[in-house]
Protein chains: 2
Amino acid sequence: MGKSARPATISDVAALAGVSVGTASKALNGRGSLRAETRQRVQAAAEQLGFQANAAARTLSSGRTYTVGMITTDTIGRFSIPLLIGVEDALGAGRMSVFLCDGRDDPIREQYYLKTLLSRRVDGIIVTGRHARPRPPIGSGLPVPVVYAFVSSTDPEDCSVVADEAGGARKAIDHLLAVGRRRIAHVTGPEHHHSAVVRSSAAIEQLAEAGLQPAGPPLFGEWSEAWGRRAVGMLLATAGEFDAVFCGSDQVARGVTDALRAAGRRVPEDVAVVGFDNWDVMVLGCQPPLTSVDMNLEGLGRAAADLLLTAINGEPSPGPHVRPCRLVVRESTTVPVDSQPAG
Amino acid sequence: MGKSARPATISDVAALAGVSVGTASKALNGRGSLRAETRQRVQAAAEQLGFQANAAARTLSSGRTYTVGMITTDTIGRFSIPLLIGVEDALGAGRMSVFLCDGRDDPIREQYYLKTLLSRRVDGIIVTGRHARPRPPIGSGLPVPVVYAFVSSTDPEDCSVVADEAGGARKAIDHLLAVGRRRIAHVTGPEHHHSAVVRSSAAIEQLAEAGLQPAGPPLFGEWSEAWGRRAVGMLLATAGEFDAVFCGSDQVARGVTDALRAAGRRVPEDVAVVGFDNWDVMVLGCQPPLTSVDMNLEGLGRAAADLLLTAINGEPSPGPHVRPCRLVVRESTTVPVDSQPAG
DNA sequence: GTGAAAGCGCTAACAA
DNA sequence: TTGTTAGCGCTTTCAC
């Protein structure tokens with residue numbers, strides 16, 4: 001069973017079945033009207049030869065490639081994965097294949113990929129990235145539809161699917177208020193980071209709506225556990241009392257939680273902690289497991305792919321499409337009913 | 001600048017330049033011999049029309065698609081990313097594009113993808129997966145070369161690129177011995193998991209070579225922090241004294257480290273801890289940062305892609321290609337020189 | 001119900 | 001040096 005020299009073509013199939021290529025084509029694609037017997041004979045021949053229609057040839061006549069390109073702005077990473085899976089999921093069902101292009105934060109590389117994808121005549125393009133901040137459009141007047149997933153374009157006419165991060169932050173605050181917290185601090189990532197700012201402002205606004213001030217100014221730092229730990233030192237030193245910390249990411253939240261425990265504060269009895277991202281490994285590894293905001297990136301990827309498919313079919317949906325976040329409650333904010341009452 | 005109705009074809013270019021398509025083709029591909037002036041005129045016309053050669057048409061005549069398929073056995077995840085990046089890196093340089101196919105641990109899905117890729121006439125296929133255990137070949141007598149990356153095939157003739165996990169485990173043990181540890185315990189993942197077994201046996205053998213016994217039998221459990229924490233309870237309860245723990249993964253190692261500290265044992269002064277995978281977020285989030293074994297998955301992906309490229313060019317390299325692991329030393333095994341001497 | 005033939009966009013061999 | 005032409009494998013009219 002060596003390597004077959006050459007994949008079977010439709011004329012091989014036609015010859016074996018004793019029909020013309022036109023007839024074979026109809027038989028294999030269920031088009032035209034043929035005798036059932038002929039159809040079967042062709043299918044049997046195709047089966048026997050292991051025939052797989054040459055996609056390039058098909059593309060050439062149909063004009064459709066049934067492929068889409070996915071370009072990541074920055075490098076492929078933790079955030080891209082669920083998006084990728086969602087996209088793959090929605091497209092795979094529609095028998096479309098995905099070209100993966102790793103932009104590496106390099107605009108030149110990105111444009112190179114764009115050219116390649118266009119020369120491959122992809123039916124559409126999905127652009128993603130780790131940073132939610134609106135980015136310049138990848139191109140203008142492109143011959144195929146483009147959907148931005150998680151990121152959005154600075155051109156408000158471009159189709160994008162983004163998470164309602166502000167809404168997520170508000171849900172986090174509402175939850176903390178609902179479990180009786182009133183002195184809520186906020187620790188998050190870099191001040192120049194779009195998501196940090198959006199989440200932070202939304203949290204503060206939501207507190208204000210409840211007539212509350214945050215427990216101290218928001219602490220901007222990095223997206224790391226180490227920063228979360230350091231921030232707790234600052235909170236303990238400078239802030240007054242606080243009974244909750246809303247964090248801009250799960251990593252920060254985990255650092256905060258660890259440092260609080262190390263400082264003798266119980267989570268959640270003394271201080272409740274909420275994270276953001278609902279990153280399984282962080283959220284479940286944490287002691288106790290973290291309550292966190294989930295942006296449903298996989299659903300977002302799926303939605304982006306669906307919008308792309310409908311755009312490919314001639315029904316574009318321009319503009320931003322905002323999708324809600326979901327709060328996943330765990331033990332960092334709620335004492336389990338069967339646990340020891342707080343001393 | 002609306003959507004251009006139809007991408008320019010080479011005959012558009014030829015017409016605009018006032019030459020025949022054959023001449024245009026030569027001019028654009030730098031073949032044949034043409035007057036420099038003609039060449040330039042064609043190139044200018046192509047530029048003006050934004051001409052991008054139709055890849056499908058090119059494929060049809062040349063037989064090459066300059067695409068490869070990458071099939072993940074299980075779902076795309078943490079382990080696939082560095083592999084993907086490596087593959088992308090090595091292939092992108094050679095102007096090849098990658099079709100990403102998420103197998104989801106579903107053999108039917110996998111075969112569906114295989115068919116799709118073959119019908120797209122990819123030049124080659126890379127198969128990856130999270131589990132290093134050898135897997136059944138994805139197909140036999142395939143018309144294109146296949147390289148397994150990180151995983152290997154049960155057919156020893158199949159080309160695969162794998163990490164020397166046993167060697168990595170031995171390096172970890174050697175390091176612990178070098179920093180003076182003699183009573184080394186081992187905590188790892190599920191007993192039915194190939195990597196757990198390989199790493200574990202290699203560690204025990206290496207200890208034996210040094211004339212040592214492990215501190216208690218290896219503890220098999222899960223790949224989670226929670227298990228690492230529980231395991232420490234077992235070690236403290238049942239094992240005698242121990243001055244180091246070699247862990248089968250960074251997550252386990254982190255759980256172990258946290259639990260040791262909670263139990264009043266200092267890391268690394270009282271107990272040194274080594275992880276496996278060198279997963280940045282785990283290794284750096286840990287207190288203190290974890291010494292860990294790095295399998296260099298990105299390099300592995302690059303190597304797999306390079307082997308695939310040479311196989312595509314007619315020089316296959318059958319059989320397994322084993323690549324060394326690297327030990328990355330951090331503070332979980334070595335006291336920084338400028339730190340407080342142990343009390 | 002089936003076959004013949006044109007054409008998708010490009011390359012490459014051959015003619016001019 | 002340039003143009004003409006025959007495919008590459010498939011789909012799709014249009015005759016038969």
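Side-chain atoms are counted along with the backbone in the values below, which use heavy atoms only and exclude waters and symmetry mates. Chain letters run A, B, ... following the sequence lines, proteins first, then strands; residues in each count from 1.
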Separation of [N] [atom2] from [X] [atom1] (nearest whole Å):
X: A/L28; N: C/dT2; atom1: CG; atom2: C1'; answer: 15 Å
X: B/Q52; N: C/dC10; atom1: CD; atom2: P; answer: 11 Å
X: B/I10; N: D/dT4; atom1: CD1; atom2: C1'; answer: 14 Å
X: B/R41; N: D/dT1; atom1: CZ; atom2: C1'; answer: 12 Å
X: B/R31; N: D/dG3; atom1: CZ; atom2: P; answer: 18 Å
X: B/L34; N: D/dG3; atom1: CG; atom2: C1'; answer: 11 Å
X: A/N29; N: C/dT2; atom1: CG; atom2: C1'; answer: 16 Å
X: A/K26; N: C/dG1; atom1: NZ; atom2: P; answer: 11 Å

So, [X] and [Y]: side-chain donor and acceptor under 3.5 Å apart, yes or no?
X: A/S97; Y: B/R120; answer: yes
X: A/T23; Y: A/S20; answer: yes
X: A/T310; Y: A/E315; answer: no

So, does [X] get its side chain near the phosphate of [N], meaning an N or O under 4.0 Å from OP1 or OP2?
X: B/T23; N: D/dG3; result: yes
X: A/R58; N: D/dG9; result: no
X: B/S61; N: D/dG7; result: no
X: A/S25; N: D/dT11; result: yes
X: A/S11; N: D/dC10; result: no
X: A/N54; N: D/dC8; result: no

Exercise for the section: Classify the nucleic acid contact of B/A53 as base, sugar-phosphate or nothing, counting any heavy atom under 4.0 Å across all strands shown. Expected result: sugar-phosphate
Practice task
Using a heavy-atom cut-off of under 4.0 Å over every strand shown, decide if B/T59 touches base, sugar-phosphate, or nothing.
Solution key: nothing
Fill in the blank from the handout: Ranking B/S33 and B/A57 by the position along DNA chain D of their nearest nucleotide, the one closer to 5' is B/S33
Problem - 5' priority, DNA chain D, between B/R121 and B/V21 [closest heavy atom] - result: B/V21
Practice task
Flag this pair as yes if the NZ/CZ of B/R64 is under 6.0 angstrom from the six-membered ring centre of B/Y66 and inside a 45 degree cone about the axis; otherwise no.
Solution key: yes
Handout entry: Of the listed nucleotides C/dG3, C/dG9, D/dT1, the one nearest the side chain of B/R6
Key = C/dG9
Handout entry: Neighbour count >12 (heavy atoms, 6.0 Å) for atom CD, A/E37
Key = yes
